[in-house]
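I have placed the structure first, in the form of C-alpha cells, so that the comments after it can refer back to it.
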There are 4 protein chains.
Amino acid sequence: MPRIARPEEAAQMRTRLMRAAYAAIAERGFAAVTLQDVATRAGVSKALVLYYFTDKEQLLAAVMERTDQVIRSRAERAMREAAASGPLAQLDAYLDALTIGAREHRDFYRVFLDFMSAGLRSPAIGKSTRSFHEGCAALERETIQRGIAAGVFRRDLIPAEASTVVRALIDGLSIQWLLRGDEPFDQLRRRMREAVLAYLGA
Amino acid sequence: MPRIARPEEAAQMRTRLMRAAYAAIAERGFAAVTLQDVATRAGVSKALVLYYFTDKEQLLAAVMERTDQVIRSRAERAMREAAASGPLAQLDAYLDALTIGAREHRDFYRVFLDFMSAGLRSPAIGKSTRSFHEGCAALERETIQRGIAAGVFRRDLIPAEASTVVRALIDGLSIQWLLRGDEPFDQLRRRMREAVLAYLGA
Amino acid sequence: MPRIARPEEAAQMRTRLMRAAYAAIAERGFAAVTLQDVATRAGVSKALVLYYFTDKEQLLAAVMERTDQVIRSRAERAMREAAASGPLAQLDAYLDALTIGAREHRDFYRVFLDFMSAGLRSPAIGKSTRSFHEGCAALERETIQRGIAAGVFRRDLIPAEASTVVRALIDGLSIQWLLRGDEPFDQLRRRMREAVLAYLGA
Amino acid sequence: MPRIARPEEAAQMRTRLMRAAYAAIAERGFAAVTLQDVATRAGVSKALVLYYFTDKEQLLAAVMERTDQVIRSRAERAMREAAASGPLAQLDAYLDALTIGAREHRDFYRVFLDFMSAGLRSPAIGKSTRSFHEGCAALERETIQRGIAAGVFRRDLIPAEASTVVRALIDGLSIQWLLRGDEPFDQLRRRMREAVLAYLGA
DNA sequence: TATGAATGAGTTTTCATTCAT
DNA sequence: CATGAATGAAAACTCATTCAT
C-alpha cells in the first residue's frame, strides 16, 4: 500500500496499470492474465503492480470500476449534449457513445463478458458490473420516459422494464457480433438501433 | 485414448465426467475448474478424467458441445410438439423449453457466459458456442416466419434479423437476471416473453 | 508371472516383447520408453507386458541379456567358422560379425549406450552389460593369443590387457560414429580394423 | 528469464545450479534427475531453478556445455604449459589433465555417458557432446602432429584418424573402468597411457 | 519508489502398476 | 491368457506473493 507521497503521480501509475490490465484482459482473457502480463505491458516490474494494488483481485476490480466510470460518463455527457434535440436524438447519441469504434467495442465486450462471469464469484467485481448495468439502465430510463411523454415511444412501456430490455438488446447483440467475429461493425450499430426503436415502438 | 471395450459404459463414464465438469464450471467458473474438481465431483481419480479425455481442453470442449446438443434438442422437441397449435403457442413452447427452472437456467448461463468468453480464444470451444447460437436462431427463424405468414407478427420483420434480436433478448435478459442474483425466475420468464412479443409486434 | 501352460508360445511372446522393447529403446531412448510403447509395437495390451515380465525393470534387464546372447553367439559362430583360416581371418570374421549393418549397428550402440548407463545404477542390467563386455573380451583374448603364437601380432602383448584395448577401440569408435550421425558405415569398419591391427602390431 | 541486476551473483547462482545438476546426474542418472533433486542439492527452491533456466532441458544442456568448457580448458592449459617439453611430455600432460582423480573421472564419465545418449535425441545436448569430442580431438591432433614431426610417433599416422582413435581409447577404456566399478584408478591411467603410446608407435 | 530474487502452493500431465472380467 | 478400466505417485511447470535492498 503506497504511502501517497506524490498523489498525482501515484494516480497516474494506477491508471497506467489499469489500462495495461484492461488491454491484457481484452487480448488474453480475464483468467489467463498474469501480473507479469500487466507489468510488461505497463513497462514496470511485476512487484510494482502489487505495490499499487494490494493483490491481483483488487487490481482487476479496479479495472472494472474504472471501465464502468469511463464508459458511463462518456454516455452521460453525450446524452446531456443532445438533451435539447429531443428523445430520439438523445437515444441516438447514447447508442453512438456506446459504440464508438469496432476495436474499442470488441475490446470492451471481451473484457465485460469476462467481468460479468467473474462478478458471479467475486463480490468486488460483481459490484462494478452491476453498477455499470444499473447506471446504463438509469440513463436509458430517462430517455424512455421523455420519449413516452413526447409521444414518440409506445404509451404502454414501463420505463423500468423497458430500460432492462434495451440493455438486453445492446448486450445480446454486441455479444453475438463479438462471437461471429467477422460481422461489420456498422451492421451491429444499425441492427442495434433498429431493434431498440422497434421495441420502443418508435 | 481408451480402446472401447464396452461402449455403453464408456459413454456413461464420459457423460458422468462431462456432467461433473459442467457442475464444476457452474460453481467455480470455467477458468478456476481443475481436473481435481471434476474428478472429485465424479467420484473418480484425477487420472481417469484424462483416460477418457485427452486433456483438459478436450474435456471442456466436449462439455459445451454436449450442452449445446442437450439444450437444443430439448427446444426442438418442444417446438415440434407444439407445431400444430400455431406460431404463438410454438414460441411459448420454445421459450419454456429454454427456461425450465431457476437452478438450471442459472447454471446454464453461468456456464454459457464462460464458454462464450473462452470461445473467443479457443476455436474448439468457439465452434460449440456458435453452433448453439446458430441452432437456436434457426429455430427462432422458423417460428417467426410462420408467425409472419399467419399474420400474428409484424409484416416488416426480416426473419434472419428478427431471430438475432430474439436471441439477443433471451441472452441479454438472462444475463441481467443472473447478475442480479435475487430476481425471481418467473419475472425473467414473463419479461422475456413480453419483450419478445412486443418486439415481434404480436 | 505366467504359469507356463504352453511353454513355447510363452517364450515366443517374451521374445516378441523383448524385440519390441529393443526397437523402442533404439528409437526413443532407454529412459523415454514406456510400457505403452512396447505394447503398441508388439501389438498387445500394456497389461500383457507385465503379465510376462514382473515389472518394467525386469523386461529391460531381459532385453539386455538377450541382446548380449544374440550378439555374442553370432560373434562366436563367426569365429568358429573362421578358426581354420588363421588369426587374422578370425579377427576379421569377429569384427565383421559385430558390424553387420549400419542400421543394426546404430540401433545396437544406441541401446548399448543406454544400458551401460543404466547398468551403473541397476545391478540386474549392469550384470548383462558386464557379461557382454567380458564375453567379447574372452573371444578377443583367444584370437590375440593365437595371433601372438602365430607371430602375426606383437610379442609384447599381454592378451588380457590387449583384449581390453581392442574392446575400447570398438566401443569408442562406434560411439563416435554414432554421435557424428552422418559418417559412412564403411569408414567406421575400415577405421576400426586399421586401428585394431595397428594396435596389435599386425 | 531474469533481467540481471547483479550479473556476478546471477552467474554464481547459475553455476551453483549447474554443479548441483551435474552431481545429481552423476548420482542418479540423466533421466532420473528431477528439478527437486537439483534444487535440494543447491539448497534452493524448485522454482528458483526455473527462474534461472527456462526449463529442465535448458538446464541440462547448459550443464553439458559447461562441462565441456571446464574439462577442455583444463586440458588446453595443461598442454600449453607442457608445450616446451616435447610431444611425449605434452601427451602425458594431456592425459593427466583428463584423469585428475578417481572420483572426478567416475562422475565425469557417468555424466558424459548419459549426455552422449541424450544427445542422440536432443540437438542442444548433442551439440555439446560433439563439441567436446571435437575439441579434444583437435588437441590430440596437434600433439600427434608434433610427435610425428619429432619422430617419436609412427610416420604413417594420419593425425585426423589417429586423434579419433586416441579419443576412442580414452572413452572406451574409461567406460570399461567405470562399468567394472572396482578397478584401481591407476590401472586405468597406466593402461590408457600404454594403449595410446602403443597405438602411436612410440 | 521500485525492483530483482526467491518461494510455496497448486495444476496439468505422464506412467507403472493393479484388478475385475 | 488377455485386456480395458482405474488409480497413486511423481514430475514439470506456472504464478501470485513476499522480501531485501
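Quantities reported herein were computed from a predicted structural model and do not represent experimental measurements. Lettering of chains follows the sequences in order, A, B, ..., and the numbering in each one begins at 1. Computed over heavy atoms, backbone and side chain alike; hydrogens, waters and symmetry mates excluded.
Remark: Y51(B) is in phosphate contact with dA5(F), judged by side-chain N or O atoms under 4.0 Å from OP1 or OP2.
Between the CD atom of Q58(A) and the P atom of dA16(F) there is a distance of 15 Å, rounded to whole Å. In this structure, CZ of R28(C) is placed 11 Å from P of dT14(E), rounded to the nearest angstrom. The CG atom of D55(B) sits 5 Å away from the P atom of dT13(E) (whole-angstrom rounding). For the pair Q36(A) CD and dG4(E) C1', the interatomic distance rounds to 11 Å; values are reported in whole Å. Counting to the nearest Å, the P atom of dT1(E) and the CD atom of E8(A) are 12 Å from each other. If you measure from atom CG of L59(B) to atom P of dT11(E), you get 15 Å, rounded to the nearest angstrom. One can place CZ of R14(D) at 17 Å from P of dG4(E), the figure rounded to the nearest angstrom. As rounded to whole Å, 12 Å separates atom C1' of dG10(E) from atom CG of D37(B).
The side chain of Y52(B) lies closest to dA5(F), out of dC1(F), dA5(F), dT3(E). Side-chain proximity of K46(D) to the nucleotides dT14(E), dC13(F), dT14(F) is greatest for dC13(F). Of all nucleotides listed (dA6(E), dC15(E), dC15(F)), dC15(F) comes nearest to the side chain of T34(A). Checking dA6(E), dA2(F), dT3(F) against every side-chain atom of M13(C), the shortest atom distance belongs to dA2(F). When the nucleotides dT13(E), dT7(F), dT17(E) are ranked by their closest atom to the side chain of S45(B), dT7(F) comes out on top. Out of dT17(E), dG8(E), dA2(E), the shortest distance to the side chain of A47(D) is found at dG8(E). Considering only the side chain of K56(A), dT17(F) comes nearest among dT13(E), dT18(E), dT17(F).
Partner assigned to dA9(E) is dT14(F), using Watson-Crick or G-U wobble distances below 3.5 angstrom. Taking a pair to require two hydrogen-bonding distances under 3.5 Å in either a Watson-Crick or a G-U wobble arrangement, dT3(F) pairs with dA20(E).
Within 4.0 Å of L35(D), counting heavy atoms only, lie sugar-phosphate atoms of the nucleic acid but no base atom. Residue contacts for V49(D): at a heavy-atom cut-off of 4.0 Å it reaches no nucleic acid atom on any strand shown. Residue V38(A) is out of contact with every strand shown, counting any heavy-atom pair closer than 4.0 Å.
Of the listed residues (F30(D), F132(D), Y22(D), F108(D)), just one forms a ring-ring contact (aromatic ring centres under 6.0 Å, His included) with F115(D), and that residue is F30(D).
At a threshold of 4.5 Å between non-hydrogen side-chain atoms, the residues V111(B) and D114(B) do not count as touching. Considering only heavy atoms from C-beta on, V70(A) comes within 4.5 Å of R66(A) through its side chain.
Once rounded to the nearest 0.5 Å, the distance linking CD of E57(D) with CD1 of I125(D) reads 5.5 Å.
For K56(A), the NZ atom sits in a packed shell: over 12 heavy atoms of surrounding residues, nucleotides or ligands are nearer than 6.0 Å.
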Evaluation steps, side-chain hydrogen bond (donor to acceptor under 3.5 Å, both in side chains), between S131(D) and D68(D): CA-CA 7 Å; S131(D) 161; D68(D) 171 30; 2.7 Å; yes
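Projected onto DNA chain E by closest heavy-atom contact, L48(D) and V33(C) fall at different nucleotides, the more 5' of which corresponds to L48(D). Taking the nucleotide of DNA chain E with the nearest heavy atom to each of E9(A) and E57(C), the more 5' of the two is matched to E9(A).
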